[in-house]
Amino acid sequence: MAAKLTPPSEDYPRWYQEVIQRAELAENAPVRGSMIIKPYGYAIWEQMQSVLDGMFKDTGHVNAYFPVLIPESFLKKEAEHVEGFSPELAVVTHAGGKKLEEPYVVRPTSETIIWDTYRNWIQSYRDLPLLINQWANVMRWEMRPRLFLRTTEFLWQEGHTAHATKEESHEETLRMLEVYARFAEDYMAMPVIQGEKSEREKFAGAVKTYSIEAMMGDGKALQAGTSHDLGQNFAKAFDVKYQSAEGKEEYVWATSWGVSTRLVGALVMAHGDEQGLVLPPRLAPIQTVIVPIYRGEEQMATVLEACSKMEAELKAAGARTHLDDRDQFRPGYKFNEWELKGVPVRIEVGPRDLEKGEVVLAFRHNGEKKTLPLEAVAKEVMSVLDEAQKGLFEKALKLREERTHSVDSYDEFKERVNDGGFFLCHWDGTTETEEKIQQETKATIRNIPFDAPDEAGECMVTGKPSARRVIISKAY
RNA sequence: CGGGGUGUGGCUCAGUUUGGUAGAGCGCCACGUUCGGGACGUGGAGGCCGGAGGUUCGAAUCCUCUCACCCCGACCA
């Protein structure tokens, strides 16, 4: 804890690793690519879960749980799906001391087992829509693991819905993308761009994939959530039909959508700085931390008493509060530690303050300090946290705007892409051009933003016509 | 799978070239002094040196095999 963090400007990936380890979010597990999520990291995930779960319920969804093991043959029923996922499957071949008749796949995602089940659950249009979410772990054997961003096992939620019409399923796909965008912006304080994925980047088995894309502190993009319009692909593969009001037999229309523990990594990289983590108040497990300052036993007693009182008041006011009464560390040490852990507001309570009937509030997101009368703290804490939440979002938005560029020349693009940032460019819509860009620059088309204005132009690579700009960026 | 590298207390690493029976800093424990931006002193605990085999009077060090991890490439999002 004594040494300083590697500055993000010097070595961003190293800074990221250090923040995660030293803020005690997670550590590497014995199995390559898997991680142990530590209590503080898990507490952040629990906050996320709790908010998202509420949003899913508010949009009419219910939770269920499907098994982690899926018969291998299920994966093979949807051609694109198996092709996309087979390289990264973990497969159970032995169990109970015997070789299995049919291997079981550890789920990389649950479409197959869920659609196999939905076949039995859906008979009539009256059974639709079926709106189910699942909180689960999944496993994808990644070659380049990175804590939170890409681990072999990760936690997520996956929504799987079934609808009577194409229009309804499309609406659902976009509704849930909007839910993710609201969550990212209003809770994570992380501005995102909603848009459609290119043909090449879409989910294996989907008709269309939509994503929210966020910019990280180094200017790279991170896909923070996806929502898929699955059309009738899975219904056909698993023979899921319903009888319409007119008595006709129809295949159902499907969606799936998910966000994962990757969002914890997104939080680190969206807001973190030289001091470490910066958590948005609405998701911070600890929103205010009280650090007592004293000399000698006598002062200690007085100060701690005032601190306990304040702790109770803050909790009553609705702020998640921690009193750091550890006697073995001095205040300076604690300041650094709580900054590293990203706590939004620190409250310093010392003899000098108590004499004046005040305390000092220090804000993590902008480093500012402010003095408040003792009795005002509990009254103002929630609005102070709100301000910090807004301030953090504004800061992230400003950073993104500064690092977003419209570029029309491929030469200019190639020159600037290594500096990071989002590039709004015209693209001819073909996979060939997309691949060429990736091969030559390692940047990818993040998505085709919904809110991009209609603007006729020419593809920066081929000069062919293009109707609007897409976001191109290097990505995690 | 190809190229390169690393395995030594909880962490970061020295020691390996030239074999002689294991060290430092941080962390941890105890006591005392400290405490408004990462305190200090004194004492202490903790390691069959990734694993197996071999050479030798003697191996962290040399040889053989093996395992794991990291970086670059390939692959993947």
Side-chain angles (χ1 to χ4, degrees), chain A residues 1-6 11 13-14 17-18 21-22 24 27-34 83-89 108-109 138 140-152 154 156 197-198 200-204 206 209 211 213 220-226 228 258 260 262 265-266 274-276 290-300 302-304 324-341 346-356 358-362 364 367 369 371 434-435 438-439 442-447 473-476:
Chain A
M1 195 70 74
K4 286 217 159 112
L5 276 173
T6 299
D11 185 342
R14 188 165 166 192
Q17 295 276 1
E18 286 181 9
Q21 277 160 23
R22 289 165 61 175
E24 300 185 296
E27 59 190 41
N28 281 305
V31 174
R32 174 190 145 81
S34 60
E83 199 196 320
F85 280 102
S86 55
E88 47 193 50
L89 293 179
T109 177
V138 289
R140 298 178 185 177
W141 214 257
E142 303 287 357
M143 302 185 92
R144 280 189 321 205
R146 244 164 160 270
L147 288 171
F148 286 111
L149 298 180
R150 189 182 276 105
T151 48
T152 52
F154 56 93
W156 76 344
K197 282 284 184 185
S198 71
R200 189 163 164 276
E201 296 267 337
K202 76 171 196 208
F203 176 74
T209 287
S211 73
E213 301 284 333
K220 283 195 188 173
L222 182 80
Q223 178 176 297
T226 48
H228 313 293
S260 71
R262 170 179 257 206
E274 304 71 34
Q275 253 64 252
I290 304 171
V291 178
I293 298 158
Y294 51 78
R295 290 167 198 260
E297 305 245 323
E298 209 174 301
Q299 276 190 359
M300 178 165 117
T302 324
V303 170
L304 282 182
D324 185 358
D325 58 2
R326 293 174 299 175
D327 190 36
Q328 71 266 37
F329 298 116
R330 298 155 91 214
Y333 179 93
K334 295 179 181 177
F335 294 171
N336 280 289
E337 182 177 329
W338 293 114
E339 278 166 11
L340 179 60
K341 291 194 155 197
R346 176 180 71 239
I347 302 176
E348 306 174 9
V349 182
R352 290 207 305 256
D353 307 303
L354 290 180
E355 264 174 44
K356 289 182 274 181
E358 299 173 343
V359 291
V360 174
L361 269 59
R364 180 65 181 88
K369 287 194 181 189
T371 305
E434 190 178 0
E435 276 169 358
Q438 177 169 11
Q439 272 167 18
K442 291 194 165 175
T444 48
I445 296 173
R446 300 318 307 155
N447 68 22
S473 171
K474 292 199 171 187
Y476 281 98

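Stacking of K220(A) on the aromatic ring of Y476(A) is recorded, both the 6.0 Å distance cut-off and the 45° axial limit being met.
D353(A) comes within 4.0 angstrom of a base, heavy atoms only. As judged by a 4.0 angstrom heavy-atom cut-off over every strand, K369(A) is placed among the base-contacting residues.
For R352(A), taking side-chain heavy atoms from C-beta onward, the closest of the listed nucleotides rG36(B), rG37(B), rA77(B) is rG36(B). The listed nucleotides are rU34(B), rG73(B), rG38(B); the one nearest the side chain of K442(A) is rG73(B). Considering only side-chain atoms of N336(A), the nucleotide from rG38(B), rG36(B), rC35(B) that sits closest is rG38(B). Here the nucleotide nearest the side chain of Q438(A), chosen from rC35(B), rA77(B), rG38(B), is rA77(B).
E339(A) contributes a side-chain N or O that forms a donor-acceptor pair with the base of rG37(B) under 3.5 Å.
In this structure, the CD atom of Q299(A) is 11 Å from the P atom of rG36(B), given to the nearest Å.
Annotation: side chain of T371(A) is not in contact with side chain of K356(A) (no heavy-atom distance under 4.5 Å).
When only modelled atom types and interatomic distance are considered, S211(A) and Q223(A) share no side-chain donor-acceptor pair under 3.5 Å.
Going from the P atom of rG7(B) to that of rC62(B) covers 12 Å, rounded to whole Å.
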